[in-house]
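Structure, as structure tokens:
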Amino acid sequence: MELDFALRFSEDSYLTIDEIRTALKTSSVDLIWEKVQAYRHLYSVSIDLPNCEDKLFSYTLTRSLVKKIIRLEREMTSLIVSFDHLDSEAQKSLVNDHLFAIAATYAKINSLTISNDELNNIIYNQTVEIPQAFRSLRNYINLIKTYMFSDQEELTINEIASVYGQFVRKDFNGNFENLFRETDLINPDDHKEKGSHYEAAPLDKIKSMLSDLLSYLSNNEEIPLIKSSILLFYLTYIVPFNYFNEECNLILFKYLLGGKNYKILTMLMNFEDEFLECNSLAFKSAFLSSEMTLDLTYFIDYVVNKVSQAIDAFTSVKKVMFDKEVILPKKEEKKEAESFNQESPTIVVERKVALPTLPEGLKADEIELVANSLVELYPSLKSGQAYFYAAHCVVGKYYTIAQYKKEMNVAYETARTSMDNLANLGLYKKENVKNKFVYTPVIQKEEEEL
């Protein structure tokens, strides 16, 4: 029975002890909570990120959370492939619609009285002089437009300074002396009791905590959705800047979530209504639950659900703009056609074509699973490289750098280094055909048992 509760309150819904008390309508849940914690410990992942009292955070990679993340990554891949197949006018229309929706949301949250024409001028006409009240909106939209087609993956202190500098109109140029918050937002006397809530990190901890965050992001190969959720939590927890913390946090979240392959999607997803104010009950509840328990799963699960909603919104657009309608003849029309040809002479046809047996690759629902396994087998393999190989591993076929560039929506240099990495790992054999490099899969032999 206790195991049933452990699964119910970890896999079905990831609940705090207080939420379990409410769900069961009893205060006596100590034994159940012990079983829940024991179950979660099996899937717990410790990370080198301290809270303000130097205690480390962790998260629980439950089976249900893994399934959600895999599904979302598969849907994002489908969306980016569909976007890539649109003509330029359709792509432009899609981008315009989403930029306008984000700008309108930003204006609403910041109580800006602005017309649709003024919004469009801010988005597209950079020569128009705008009121001071609209400057932060323009800066925010400019950052989204800047990063939409970026294939950068790693997040550095220079990138963080560049984002913040866009709002305060300052080029830090490697000098980060005035980058961080200069006013203490907490009273040290309020935190004599251990395990209390912090409105922000103490001034003397901001630099070290941000350094810990960047070290964690660069040295761990977690799924981008996990890393970006942790980034959003930790920046919200630290409050590193004097101004525009929410705007910077959200831009950096979208940047990291998009990785190399999905920024055009993540930058255009409208998370602003939920994440810019950080005042919704759901946001506060998830944030405080993670802060007070040192378990980031509550916040990660909340963010994953919001990403799912954003993808669903994109998918509804996809149905209108991406899908191509295939018109099949109605059954009645088919019967009429058969009747019309009843008196025609019967022609016996035997199809003979000079083609070899054509090999097939993995099915669509198998590609993501194989890609995830490849990342675990080859630590140097990026997720995009693993996905491309899983989708292009048919023995006897030859693949090109241009294919990688188009299908993964990356720069040529990124495509070249990615294909070379796959070859260096022994997954492809690199050959030169008519002054062009091609890559063919290498049959992998099972390692002999010792």
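Hydrogens, waters and symmetry mates are skipped; everything else that's a heavy atom, side chains included, is used.
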**Report entry** Pairs involving residues 246-268, ordered by first then second residue, that meet salt bridge (charged side-chain N to carboxylate O under 4.0 Å, His left out) (sequence neighbours left out)
**Finding:** K254-E272

Query raised in the report: For residues 404-418, which residue pairs qualify under salt bridge (charged side-chain N to carboxylate O under 4.0 Å, His left out), counting only residues two or more places apart or in two chains?
Result: E413-R416, R416-D420

Requested in this report: Could I get the full list of side chain to side chain donor-acceptor pair (under 3.5 Å) partners for S383, not counting sequence neighbours?
Outcome: none

Report task. Determine the sole option in I300, I226, T297 for which the side chain to side chain contact (heavy atoms under 4.5 Å, CB included) test with L61 is passed. Result -> I226

Query - By side-chain contact (heavy atoms from CB on, under 4.5 Å) - contacts of L185 (at least two apart) - result: R181, A200, V239

Please tabulate, one pair per line, all N/O donor-acceptor pairs under 3.5 Å involving side-chain atoms of residues 110-117, not counting sequence neighbours.
{"from": "N110", "atom 1": "ND2", "to": "Y106", "atom 2": "O", "distance (Å)": "2.9"}
{"from": "S115", "atom 1": "OG", "to": "E118", "atom 2": "N", "distance (Å)": "3.2"}
{"from": "S115", "atom 1": "OG", "to": "E118", "atom 2": "OE1", "distance (Å)": "3.3"}

Query raised in the report: Hey, does the side chain of Y234 reach the backbone of P50 with a donor-acceptor pair shorter than 3.5 angstrom?
Result: yes

Query raised in the report: For S280, which residues count as a side chain to side chain donor-acceptor pair (under 3.5 Å) partner, sequence neighbours excluded?
Result: E274

Query raised in the report: Considering residues at least two apart in sequence or located in another chain, which fulfil the salt bridge (Lys or Arg N to Asp or Glu O under 4.0 Å) criterion with K382?
Result: none

Query raised in the report: With D295, which residues qualify under salt bridge (Lys or Arg N to Asp or Glu O under 4.0 Å), at least two apart?
Result: none

Query - Pairs flagged by salt bridge (charged side-chain N to carboxylate O under 4.0 Å, His left out) wherever residues 99-113 is involved - sequence neighbours left out - result: K108-D273

Query raised in the report: Does any pair with a residue in residues 61-71 pass salt bridge (charged side-chain N to carboxylate O under 4.0 Å, His left out), and if so which ones, sequence neighbours excluded?
Result: E11-R63, K68-D301, R71-E75

Report summary line: Between Y164 and the options F180, F176, F241, the ring-ring contact (aromatic ring centres under 6.0 Å, His included) test singles out F241

**Report entry** side-chain contact (heavy atoms from CB on, under 4.5 Å) partners of N51, counting only residues at least two apart
**Finding:** E53, K55, F57, Y237, L294

Query - Pairing residues for S215 by the side chain to side chain donor-acceptor pair (under 3.5 Å) criterion, not counting sequence neighbours - result: N219

Report task. Report yes or no: does S289 contribute a side-chain atom to a donor-acceptor pair with the main-chain N or O of Y298 at less than 3.5 Å? Result -> no

